[in-house]
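Treat the numbers as computed from the prediction; the structure is a model and nothing was measured. Side-chain atoms are counted along with the backbone in the values below, which use heavy atoms only and exclude waters and symmetry mates. Here is the naming used below: chain letters follow the sequence lines, and residue numbers restart at 1 for every chain.
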Amino acid sequence: MRKFFSNLYTSINKEPWSYIVTFGLMLIGSALVYMVPRSLMAFLVLMLAPAALYFLKMNNRIKLFAGLLLAVVILPVLGVRNIFYLEVIFQICVFAALALGLNIVIGLAGLLDLGYVAFYAVGAYTWAFFGSKQMSLLYSVPGAAPANAPFFLENPDWFWFFIFLGIGLAALAGILLGLPVLRLRGDYLAIVTLGFGEVIRVLALNLDKPINITNGPQGITPIQRPNLSPDLLNAIRLVLEPLVGHSVTDAQFYNVFFYFLALIIIIVAVVVARRLEDSRIGRAWTAIREDETAAIAMGIPLVRMKLMAFAAGASFAGAMGVIYAANRTFVSPETFSFLQSIGVLTMVILGGLGSIPGVIVGAAVVVFLNIQVLQTFSLYLSSLRQSDAVIPIINFAWKNLSTQLDPAKYQKLIFGVILVIMMIFRPEGLIPAERRKRELVGEKEE
Amino acid sequence: MNRQGSVMKQLTSNPIYKFVLFPIGQILAFILGAGITLSVLVILLAYIFRGSVSNLDLVERTLAILPKVLIDGITIGFVYATIALGYTMVYGVLEFINFSHSEIFMVGGVVGVELLRYLETQGSLAGMNQYVVIALAILLGMVISGSLAVTVERVAYRPLRGAPRLVPLISAIGMSFFLQDAVRLILGLTTGEFNVILPKFGTFDDFQVFNFPGLAAPVQIQNKTILLVAVTVVMLVGLNYLVNGTKVGKAIRAVAQDRPTASLMGINVNLIISITFLIGGSLGGAAGVLFALKVTRLDPFVGFFPGLKAFTAAVLGGIGNLTGALLGGIVLGLLESFGASYLGIFTQGAFGAEYKDILAFAILIAILIFRPSGLLGQTVGQKA
Amino acid sequence: SSSGGGEAKLIKIATQSPLSGGQSLLGVDIKNGAQLALEQLSGPLTEMGFTVKLEPYDDQATPDVGVANAKAIVADPAILCGVGHLNSGVMIPSSEEYHVAGLAFVSPANTNPVVTTRGYAEVNRIVGRDDVQAPVAEAYAFNELGARSVYIIHDKTAYGQGVAEFFRGAAEKDGMNVMGFEGTEETANFDAIITPMLAANPDVVFFSGIYNQAGVFFKQARDAGYEGTFMGTDGMDASGLADLAGDALVKGGGMVYTSVAGPASAYPKAAKFAEDFKAKFGADPQPFAAQGYDAAAVCLKAIENAAKAAGNQVPTREAVRDAIRALTLEGITGTISFDSIGDLPKAKYFIIKVNATSGAEWGKNEIVAELEFASPGMGE
Amino acid sequence: MGKILEVENVHSYYGHIHALKGISLYVEEGEIVSLIGANGAGKSTTLRTISGLLHPRHGTIKLDGKDITHLEPHLVVAAGVGHVPEGRGIFPKLTVRENLEMGAFTIDDPAKNAARMEQVFELFPRLRERIDQYGGTLSGGEQQMLAIGRGLMQHPRILMLDEPSMGLAPVLVELIFDIIQKLNKEGVTILLIEQNAQMALSIAHRGYVLQTGAIVLTDSAEKLKKNEMVKKTYLGIE
Amino acid sequence: MSLLKTTDVIKRFGGLTAVNKMNFVLEEGQIASIIGPNGAGKTTFFNTLTGIYKPEEGAIEFNGHSLVGLRPDQVAERGIARTFQNIRLFGSMTVIENILVGMHTQLKQRGTDALFRTKAFHKEEAEAEAKARELMDYVGLKNVGNELARNLPYGGQRRIEIARALAANPTLILLDEPTAGMNPNETEEAIKLFRRIRDEKGITVLLIEHDMRVVMNISERISVMDYGEKIAEGTPAQIRSNQRVIEAYLGREAAAAQA
Ligand SMILES: Nc1ncnc2c1ncn2[C@@H]1O[C@H](COP(=O)(O)OP(=O)(O)OP(=O)(O)O)[C@@H](O)[C@H]1O
Ligand SMILES: Nc1ncnc2c1ncn2[C@@H]1O[C@H](COP(=O)(O)OP(=O)(O)OP(=O)(O)O)[C@@H](O)[C@H]1O
Ligand SMILES: [Mg+2]
Ligand SMILES: [Mg+2]
């Protein structure tokens with residue numbers, strides 16, 4: 001089995017096959033999605049295209065071109081045709097950015113952080129507070145907000161500034177958390193970060209009194225979005241609408257806009273992570289992860305390096321938090337639960353601890369599983385139940401399936417099983433870090 | 001000096017002292033210490049704030065609920081402690097956070113309650129001796145949870161030996177999701193819903209009333225609280241003996257520290273790990289039944305928060321140390337209870353019980369700053 | 001933006017509620033309620049030649065999943081109407097998508113005012129609002145029970161806290177002594193809350209939340225020696241409450257709760273619903289199951305009306321949306337119609353006294369007061 | 001006297017690294033056999049494969065003619081094979097006494113164990129001084145003593161020692177070699193790895209020379225000592 | 001002024017005094033050794049010098065500045081590099097990366113340089129890598145730069161440790177049993193290497209060893225510890241004939257062999 005795949009891989013990983021396969025996938029995938037926009041298979045075929053782009057050997061210029069084509073033209077067009085795909089990709093971007101940040105903390109510096117979404121919350125609530133009417137509701141009971149309260153910031157373009165502020169505040173939160181606890185090792189750190197994550201969530205939930213800062217469990221809404229220039233939009237419409245096949249509203253433009261924004265953050269995150277990793281700082285992190293005593297004896301200041309890892313990791317989450325708040329126009333404490341932290345951790349490890357492409361793929365897989373594959377699967381089963389379908393051999397009518405066995409209710413169960421199986425068969429992650437790969441190849445090098 | 005030393009040595013090597021008196025003494029000392037410290041603190045605060053806030057009876061109100069607050073804290077502390085024992089057991093050997101322990105605990109509770117419900121439908125519950133009944137329930141919970149834990153280890157952790165540390169953690173999380181929904185599925189198929197409600201039986205809900213001279217109101221302690229404390233202490237003593245006084249215990253510790261070398265000593269590593277999970281799991285099962293007795297309602301998701309708290313307690317006490325797990329639980333319980341009861345009173349409702357977790361975590365951090373390996377944990381530094 | 005057509009004559013109704021995780025207890029029954037409605041009430045549409053299907057989505061009680069699902073729902077042109085959500089925190093961001101797509105949703109459970117005060121034509125609800133329900137309960141406590149002191153506890157959800165805040169506002173207006181106001185996410189051990197509550201010894205304890213949390217609380221509080229009256233919201237309207245709390249509900253000052261739907265005696269239809277539900281799903285309906293049923297009924301009726309208007313063709317979403325607002329329907333939870341922002345113009349509120357000490361006796365509860373209130377509209 | 005241990009054509013791997021490329025050797029009852037070879041030749045890997053810490057991909061290992069190739073280490077130990085591993089393998093959080101007791105884990109004879117422990121303390125008085133100290137805090141040499149002492153506690157029929165003299169003071173190196181000879185006289189078969197090939201070959205009966213995972217030479221110790229290649233490469237004699 | 005000077009340094013572990021009133025002086029440019037029975041306190045003394053342990057009493061002066069109370073990284077920054085008795089490499093980093101980590105204190109780049117990949121950054125990285133390869137050659141490692149450190153055999157790992165220590169451009173290098181586990185030929189090469197480190201790079205070398213061929217061969221000065229105290233000091237010839245040292249440490253045969 002494994003052999004078959006590796007043979008297949010080697011045989012298509014050379015010209016001209018690599019080009020044919022990649023562009024073929026792009027073309028066929030796009031066409032399929034264009035024609036049957038609700039088919040999961042079609043979308044999966046399309047999603048194979050970026051994978052092929054990443055794995056197959058091709059001229060770098062052409063790779064870049066194909067990547068741009070896919071990200072800037074194909075996905076937005078298809079995404080506007082079926083807004084759901086854009087949402088899937090947006091969420092993948094959001095979580096990929098979070099996973100990249102967490103990967104710095106865990107994968108590079110080896111600090112197990114179980115409360116990572118706290119930093120995401122810091123970013124999100126920063127913009128939620130200033131970009132909403134909350135400032136004028138400080139003294140009103142949550143839920144009883146007067147509808148005519150003004151926005152605090154007249155110009156929503158402050159948003160751009162707040163992306164940076166979010167980065168700064170999240171990094172600061174990282175340092176504040178780090179200062180007292182970095183002396184702790186391993187799981188002690190894990191439990192304290194877990195606690196910190198809970199503290200931030202509990203604060204979000206409870207800081208509606210004595211002064212109403214977060215509006216408590218009600219959450220803050222509405223939150224402003226930055227202005228999009230109407231002239232620009234009209235210009236784009238001219239090209240886009242014929243491609244999409246129907247008129248494009250401003251709201252749909254916002255979806256595209258946030259998709260691009262998230263994409264930019266991802267690109268920045270990848271570049272930052274790559275560059276830090278390949279520098280004195282990255283090496284120091286790895287050294288700390290491997291052996292603290294030896295690292296400190298080499299002159300590496302432990303505390304400063306760890307704080308830096310916390311701050312760098314946190315800042316991605318901060319930026320994404322701001323964008324998330326604007327995208328949803330609503331934040332509430334539910335988004336920042338412990339399970340979210342666990343979810344991001346799962347993405348990192350599933351994808352491949354320490355591996356940048358790995359954690360992105362990890363994010364994609366988990367998001368995909370959660371909001372598409374399992375959902376689609378259970379919808380399919382539930383439509384079977386409503387139909388007259390019968391399982392042939394045992395002659396069992398789907399209709400008679402006990403409602404307790406309703407598959408829609410057992411997504412978490414399936415997800416759990418998938419996690420266990422993945423870990424057993426691919427403990428090094430979907431795309432293992434170079435480091436681990438090298439370890440496996442071992443003697444072949446040099 | 002020398003003679004004294006040898007007397008001490010004799011004393012400390014006496015098993016009764018080592019496994020019964022010493023840990024119980026430690027627990028008592030900590031309960032008293034933490035209880036008195038916190039009590040003094042709130043009384044002081046009450047006096048300080050007496051004038052500054054509008055309600056004048058602050059001191060009286062503080063004192064009136066103090067005994068109850070202490071008992072509440074100790075009770076919930078012991079609940080955390082029972083769960084924490086199981087965590088610590090497994091952590092001690094595999095050095096990984098067995099996330100699914102919350103679910104193993106939950107399963108124990110559900111099974112125990114289902115037994116009681118079964119007895120109730122058979123009509124035999126009322127007629128039986130309540131202690132026999134609860135012992136049966138605990139036993140069943142232990143058997144089921146223990147075997148479940150062993151199975152989970154076999155299926156989800158053993159194939160991952162030697163993988164990086166975080167990999168079994170994710171597997172454990174997966175297992176945890178799986179178990180939650182699997183229990184829901186089974187409950188759903190059999191009873192149609194997933195609330196599991198403890199039938200009323202025996203006198204566990206009744207109070208023992210203690211009158212202390214000098215106290216305005218008598219101190220009331222529920223029978224089930226007394227049972228909970230007693231069972232937990234027995235569990236601790238037994239466990240302490242098992243780990244520190246028997247050959248199996250020594251093998252467990254050896255496996256924990258160095259698996260290959262342990263196997264070179266003739267220890268069957270797989271067997272020892274299974275035994276550890278069996279013990280940890282059955283402790284979880286017993287904890288589950290006791291928890292059910294205390295709170296009267298369970299569902300498949302009920303394990304999560306107590307599990308989290310218990311793990312915190314284990315860390316606070318010095319993870320891997322059994323008595324430490326218990327102390328951690330008690331300290332955490334007391335902190336929570338004091339926080340929840342007094343924050344509202346002192347801040348005039350500006351901050352209430354919902355901040356108890358923040359308070360508890362703040363103090364956890366403070367304790368860890370001064371004792372980076374927990375209350376009773378020792379640092380045995382590897383030499384440079 | 002989207003028009004009907006697509007597959008010939010296929011019409012879908014979506015539901016969104018938590019089907020997995022800790023809140024699935026309620027979420028699943030919203031879906032089940034809707035499913036039952038579909039089976040019982042889709043007759044007219046089938047006769048017109050349509051196939052009607054239910055698309056149940058699991059929002060996992062998280063906004064992210066809810067919004068993603070919302071986008072999947074609006075992207076499916078066959079879906080003409082939706083039922084959901086359980087959590088206001090999920091409903092609010094998700095409904096931004098429904099609003100953009102012109103897809104009508106009927107909420108069976110969201111009592112947070114913001115859900116409708118944004119004024120979206122697509123968003124409707126068939127339950128009362130926190131800012132009404134709470135004053136009703138308070139008035140009863142103050143006037144009928146003669147309570148002069150109250151301890152308020154809520155479950156830290158948008159729903160529970162919302163009601164609690166409004167209750168407090170009303171109580172303070174009346175000069176009641178609010179001796180405590182606590183939110184808690186605890187579901188098992190309430191010692192830490194009960195102790196100060198007992199010390200304060202209020203006339204009434206008002207708990208706004210869901211029964212499976214409240215039931216445990218009531219039992220523990222009674223056991224600990226509280227003698228006053230418990231009060232609660234429509235989240236208590238489930239036989240499970242009596243299973244959990246047992247005689248704690250009738251001892252001392254007993255327990256009363258407010259509800260937007262009366263018990264069987266108030267609505268003959270409701271009794272039949274409970275029977276049918278139990279027959280089909282093997283368990284008593286949870287709170288909001290009946291609302292799920294009615295929400296789906298609203299969808300079906302509106303689609304039927306719109307389809308007729310369109311000459312037996314699959315109607316547009318916009319037509320369905322407008323049909324909902326034009327509709328009046330006898331549901332099992334009362335007469336349903338909508339005002340300009342999607343609220344019930346007049347909601348009926350019942351005060352129900354619990355006489356049951358076990359789930360089986362839930363029918364013994366009696367209505368002690370029946371009040372009607374107008375929706376407060378867009379704001380203060 | 002028969003062959004107590006037979007290793008036939010064994011191939012072992014670490015992941016993809018082919019560490020043993022067809023090793024065959026045997027040890028007769030009552031012998032001292034020495035393995036010598038440069039760093040990374042595969043000496044330690046050979047011992048690990050015999051004791052079951054590493055399972056070979058090909059080949060067989062026999063003890064007293066019985067196949068033990070796929071046995072788990074604890075069963076190999078039970079069959080009478082003792083292994084004092086490279087890197088000492090001290091349990092860091094067990095005391096010196098407990099570490100020694102671990103050596104006798106499979107032997108249920110308190111009196112005999114106590115006597116053995118006494119012998120160990122006589123050999124290494126330093127260990128008695130440190131009896132209640134945690135293994136992890138011992139000095140390097142003390143740990144080495146402890147590891148050897150623990151090996152003695154095991155009462156093995158065949159004892160495999162991996163560089164026992166490493167990190168020991170010169171006096172102790174002499175002592176170790178004395179101990180090995182004494183044990184051997186008591187009937188214990190010895191398989192010995194030593195960098196100090198000079199001394200190893202002077203007490204051994206036979207020896208094997210390993211190079212990059214394969215045996216390149218085997219002979220009696222006497223002859224090996226005189227072999228030109230051995231002299232040049234392993235004894236440091238030009 | 002001497003390079004390193006300790007006065008009455010005491011380090012205790014509970015009741016045990018592992019280092020007792022150590023007075024030790026090291027002149028710049030020397031090669032010196034510390035020997036002594038197992039558990040004498042040699043490694044503990046190293047750990048005290050490098051800041052891993054804080055001495056209970058006493059003064060440590062390096063280049064005229066006190067080292068007491070400094071963290072290990074600060075000590076390293078002041079120019080003391082070391083190796084460990086039980087090899088402590090960064091196992092899953094490559095050999096080159098290990099050496100680059102050793103250069104940490106030598107590199108000037110900051111986070112922003114790394115992010116924006118400034119010219120200076122590229123230049124420094126290139127130079128650092130070149131220097132690392134040079135060091136690999138220097139300690140006698142060939143063609144293993146991209147190998148993971150943990151996959152090298154024992155002797156090779158010892159060499160990486162030395163190269164990593166040298167990378168910090170230290171004034172003083174502390175080697176804890178650097179030839180343990182090496183066969184005679186390898187030991188021979190190691191001796192040559194230590195000499196070159198001193199002669200070519202001018203680095204002062206202090207080593208702990210149990211292999212008398214090494215110690216007697218290259219030390220200009222030997223200090224002997226026993227039970228935490230310095231019991232003898234002198235040239236190899238003096239030490240070899242010191243009765244106390246023979247009894248406690250060398251043993252009759254070894255002494256005879258060396259004589
Ligand atoms: N855990 C491991 N992972 C990968 N490769 C290993 C591992 N252990 C040893 N090796 C490799 O296997 C080969 C044989 O190693 P082994 O330890 O058996 O050598 P040795 O002869 O004992 O050497 P030394 O004298 O250094 O102890 C070496 O190339 C080594 O790098
Ligand atoms: N952390 C510690 N706690 C208690 N005792 C310790 C600790 N570290 C070292 N010791 C003891 O201090 C003494 C000195 O140890 P040290 O490691 O310095 O010896 P050494 O001279 O390096 O010996 P070797 O040559 O065997 O390496 C030893 O007896 C050791 O047991
Ligand atoms: Mg070796
Ligand atoms: Mg040493």
What option among A:Leu413, A:Asn255, A:Val367, A:Asn327 has the most heavy-atom pairs under 4.5 Å with chain C? A:Asn255

Separation between CD of C:Glu165 and CG of A:Asn212, rounded to the nearest 0.5 Å: 8.5 Å

Proximity breakdown for C:Gln60 and chain A, heavy-atom pairs closer than 4.5 Å: side chain

Does any heavy atom of chain C fall under 4.5 Å from the side chain of A:Phe90, the backbone, both, or neither of them? neither

Using a 4.5 angstrom heavy-atom cutoff, name the option from C:Asn69, C:Leu38, C:Asn87, C:Val90 with the most pairs to chain A. C:Asn69

Does the pair C:Glu185/A:Arg201 count as a salt bridge with the N-to-O cut at 4.0 Å? yes

Residue among C:Ile92, C:Asn112, C:Thr157 satisfying side-chain contact (heavy atoms from CB on, under 4.5 Å) with A:Gln218: C:Asn112

For C:Ala75 and A:Phe84 the tightest heavy-atom approach is CB-CB, 4.3 Å

Minimal heavy-atom distance between C:Pro63 and A:Ser332, with the atoms involved, is CG-OG, 4.3 Å

Looking at C:Ala70, C:Ser88, C:Pro93, which one has more heavy-atom pairs under 4.5 Å with chain A than the rest? C:Pro93

Taken to the nearest 0.5 Å, the spacing of A:Asn206 CG from C:Gln161 CD works out to 8.5 Å

Do any N or O atoms from the side chain of A:Glu87 and from the backbone of C:Lys71 form a donor-acceptor pair under 3.5 angstrom? no

Below 4.5 Å from any heavy atom of chain C, which atoms of A:Phe95 appear? Answer side chain, backbone, both or neither. side chain

Assess whether side-chain contact (heavy atoms from CB on, under 4.5 Å) is satisfied between C:Lys156 and A:Leu205, documenting all intermediate values. CA-CA 7 Å; C:Lys156 292 255 62 142; A:Leu205 202 54; 3.8 Å; yes

Report yes if the side chains of C:Val114 and A:Thr221 come closer than 4.5 Å at any heavy-atom pair, otherwise no. yes

Under 4.5 Å heavy-atom distance to chain C, tell me which part of A:Asp250 shows up: side chain, backbone, both or neither. neither

